[in-house]
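All remarks here apply to the structure that follows.
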Amino acid sequence: MLNIISASAPVTVPAVLACIYSAPGLGKTSMVSTAEAPLLLEFDHGSHRTRFRCPRHEVTDWREVARLSADQLAPYSTIVVDTVGRALEYLARELCRTNRKNQMGSGGLSLQGYGALKSAFALWLGNLRSYGKDVVLLSHITEKDTEDGHFVRLDAMGSSANEIYKSADLMGQILIDRQGGQWLDFSPNPLSFRKDPTGLSAQQVPHFKDDRTFLARILEQVKEGLKQQSAAAEDEERAEAALEQFRKLAGPEDFNGALQKLRAEGAPVAVRKALGTAGKEQGLEFDRDALVFREAA
């Protein structure tokens, strides 16, 4: 049976999928220690290079993380994959171990193997998100100079990088300015993939000794912003539907009665504006002092 959700139903944002990428050594692993209750799935085995650590599991085999359960992850709010490129390499080895058709004679993934890699990784991320956990993917970068500019992309094998681009709610790149300051930049750029759904733009990176909630605040701001956007869209949809009903009203008495009802219900501003639009269409004036509709003079 299909679970149909109406267009006007509120959208909940229990968790977000974020991707943070940069050249090596710019503090990605340190940054995720400022997320809320993070667990680091350490595929890259480089956390010894950071001063700011969080609970971590040093992955040696994909099977260790393949079936992470809700109970195992219950103490944590943010699951960090460090790095996504290495995680995909572990997954690729597991896919080749379990199905020879996923591997070419030379040892690399076959065409079928790349398809399986993309599907399996997307499914794994979906499982993590289904537990209500924020997921942060850390990635190194690949760089390429062309006639059109200096392009920066995620260091992730096969078409899995495209899957990350599509499914991530938020994508930011760590940059260094000319004064040596660090920035986490979400601003869309044709030369590097970024996502900024709630207008974060570029955030200056603090010293993590002084600010232990930097990433937690960013992720919470994104969730709150997405909820507000959803609420605004719902109000607009309600206003459009209400406008058709308001156009059936006739005369000041009907409109004033409708206005009183909207006030009692605490209707959104967009719906009340729709009532005013319908009134104007019928030649009525709204007396802002008395807060009533009247016949136009």
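One finds a salt bridge joining Arg129 and Asp169 here, because a Lys/Arg side-chain nitrogen approaches an Asp/Glu carboxylate oxygen to under 4.0 Å.
Contact check for Leu200 versus Gln221: side-chain heavy atoms found under the 4.5 Å cut-off. Side-chain atoms of Ile20 and Leu215, non-hydrogen and from C-beta on, do get closer than 4.5 Å to each other. Between Thr277 and Phe246 there is no side-chain heavy-atom pair separated by less than 4.5 Å. Looking at Val152 and His150, their side chains come closer than 4.5 Å, going by heavy atoms from C-beta outward. Side-chain contact between Leu226 and Lys223: absent, with no pair of heavy atoms (C-beta onward) separated by less than 4.5 Å. Side-chain contact between Asp44 and Thr29 is absent, with no heavy-atom pair separated by less than 4.5 Å. Side-chain atoms of Met157 and Tyr114, non-hydrogen and from C-beta on, do get closer than 4.5 Å to each other. When side chains are defined from C-beta on, Arg86 does not count as touching Val59, because their heavy atoms never get closer than 4.5 Å.
Counting only distance, with no hydrogens or angles, the side chain of Thr213 and the backbone of Ala216 share no donor-acceptor pair below 3.5 Å. A donor-acceptor distance shorter than 3.5 angstrom exists from the side chain of Thr34 to the backbone of Met31, with no hydrogens or angles considered. Judged by distance alone, with hydrogens and angles left aside, the side-chain atoms of Thr78 form no donor-acceptor pair with the main-chain N or O of Ala37 at under 3.5 Å. At least one donor-acceptor pair closer than 3.5 Å links the side chain of Lys195 to the backbone N or O of Lys166.
Of the N and O atoms on the side chains of Glu234 and Ser230, at least one donor lies less than 3.5 Å from an acceptor on the other residue.
Sparse packing is recorded around CD of Glu36, with 12 or fewer heavy atoms of other residues, nucleotides or ligands lying under 6.0 Å away. Within a 6.0 Å radius of CD in Glu244, more than 12 heavy atoms belonging to other residues, nucleotides or ligands are found. Shown here is Leu111, whose CG atom has no more than 12 heavy atoms of other residues, nucleotides or ligands within 6.0 Å.
Partners of Lys101 under the side chain to side chain contact (heavy atoms under 4.5 Å, CB included) rule, at least two apart in sequence or in another chain, are Asn99, Gln112. Scored by the salt bridge (Lys or Arg N to Asp or Glu O under 4.0 Å) test, Lys248 finds no partners at all (sequence neighbours excluded). With sequence neighbours excluded, the residues forming a side-chain hydrogen bond (donor to acceptor under 3.5 Å, both in side chains) with Asp177 are Trp183, listed by chain and number. For the salt bridge (Lys or Arg N to Asp or Glu O under 4.0 Å) test, residues two or more places apart in sequence or in another chain that qualify with Arg194 are Asp185. For Asp82, there are no salt bridge (Lys or Arg N to Asp or Glu O under 4.0 Å) partners two or more places apart in sequence or in a different chain. Scored by the side-chain hydrogen bond (donor to acceptor under 3.5 Å, both in side chains) test, Gln179 finds no partners at all (sequence neighbours excluded). With sequence neighbours excluded, no residue forms a side-chain hydrogen bond (donor to acceptor under 3.5 Å, both in side chains) with Gln229. Not a single side-chain hydrogen bond (donor to acceptor under 3.5 Å, both in side chains) links Tyr131 to another residue, sequence neighbours left out.
Contact record, Ala239 with Ala270: CB-O, 3.4 Å, taken as the closest heavy-atom pair. The minimum heavy-atom distance linking Pro38 with Pro55 is given by the pair O-CD, 3.6 Å. Taking each heavy atom of Ala242 and Val271 in turn, the nearest pair found is CB-CG1, 4.0 Å. Closest approach of Gly172 and Leu184 over heavy atoms only: C-CD1, 3.9 Å. Smallest separation of non-hydrogen atoms from Leu109 and Cys96: CD2-SG, 3.6 Å. In terms of heavy atoms, Val222 sits closest to Thr198 at O-CG2, 3.7 Å.
Sorted by first then second residue, the salt bridge (charged side-chain N to carboxylate O under 4.0 Å, His left out) pairs that include residues 202-214, not counting sequence neighbours, are Asp211-Arg217. Here ring pair (Phe, Tyr, Trp, His ring centres under 6.0 Å) pairs that include residues 69-88, with residues two or more places apart or in two chains, number zero. Applying the salt bridge (charged side-chain N to carboxylate O under 4.0 Å, His left out) test to every pair with at least one member in residues 50-64, sequence neighbours left out, gives these pairs: Glu42-Arg56, Arg56-Glu58, Asp61-Arg63, Arg63-Glu94.
Following chains of ILVMFWY side-chain contacts shorter than 4.5 Å, one can reach Val205 starting from Val136, so the two form part of one hydrophobic cluster. Clustering ILVMFWY residues whenever any of their side-chain heavy atoms sit less than 4.5 angstrom apart, transitively, puts Leu137 in a cluster other than the one holding Ile218. Hydrophobic clustering, with ILVMFWY side chains joined whenever heavy atoms are under 4.5 angstrom apart, keeps Val65 apart from Val32. In terms of hydrophobic clustering, with Ile, Leu, Val, Met, Phe, Trp and Tyr side chains grouped at heavy-atom distances under 4.5 Å, Phe121 and Leu73 are assigned to a common cluster. In the hydrophobic clustering of ILVMFWY residues, with side-chain heavy atoms under 4.5 Å counting as a link, Phe186 and Leu154 come out apart.
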Requested in this report: Would you sort out whether Arg247 and Glu281 count as a side-chain contact (heavy atoms from CB on, under 4.5 Å), showing the intermediate values?
Outcome: CA-CA 8 Å; Arg247 284 171 172 155; Glu281 291 177 355; 2.9 Å; yes
Query raised in the report: Does the pair Val84 and Tyr21 meet the rule for a side-chain contact (heavy atoms from CB on, under 4.5 Å), with working shown?
Result: CA-CA 10 Å; Val84 65; Tyr21 62 100; over 6 Å; no
Query raised in the report: Are Leu243 and Glu240 close enough, and set up right, to give a side-chain contact (heavy atoms from CB on, under 4.5 Å), and what steps lead you there?
Result: CA-CA 5 Å; Leu243 181 59; Glu240 290 178 9; 5.8 Å; no
Requested in this report: Could you go through the side-chain contact (heavy atoms from CB on, under 4.5 Å) check for Phe151 and Asp145 one step at a time?
Outcome: CA-CA 6 Å; Phe151 286 84; Asp145 289 310; over 6 Å; no
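Distance check, rounded to the nearest 0.5 Å: CG of Leu138 to SG of Cys19 gives 8.0 Å. For the atom pair CD (Gln204) and CZ (Phe214), the distance works out to 9.0 Å, reported to the nearest 0.5 Å. The CG atom of Leu26 sits 8.5 Å away from the CG atom of Leu175 when rounded to the nearest 0.5 Å. From Gln282, atom CD reaches atom CG of Leu249 across 7.0 Å, with rounding to the nearest 0.5 Å. For the atom pair Ser77 OG and Asp134 CG, the distance stands at 7.5 Å (nearest 0.5 Å). One distance of note links CG of Asp196 with CE of Met171; it measures 12.5 Å at 0.5 Å rounding.
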For residues 254-262, please give each side-chain donor-acceptor pair under 3.5 Å, one per line with the distance, not counting sequence neighbours.
unit_1, atom_1, unit_2, atom_2, d
Asp254, OD2, Ala250, N, 3.1
Asn256, OD1, Phe293, N, 2.6
Asn256, ND2, Pro252, O, 3.1
Asn256, ND2, Phe293, O, 3.2

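Ring planes of His207 and Phe52: perpendicular class, angle over 60° (limits at 30 and 60°). Classification of the Trp124-Phe43 ring pair by plane angle, with boundaries at 30° and 60°, yields perpendicular.
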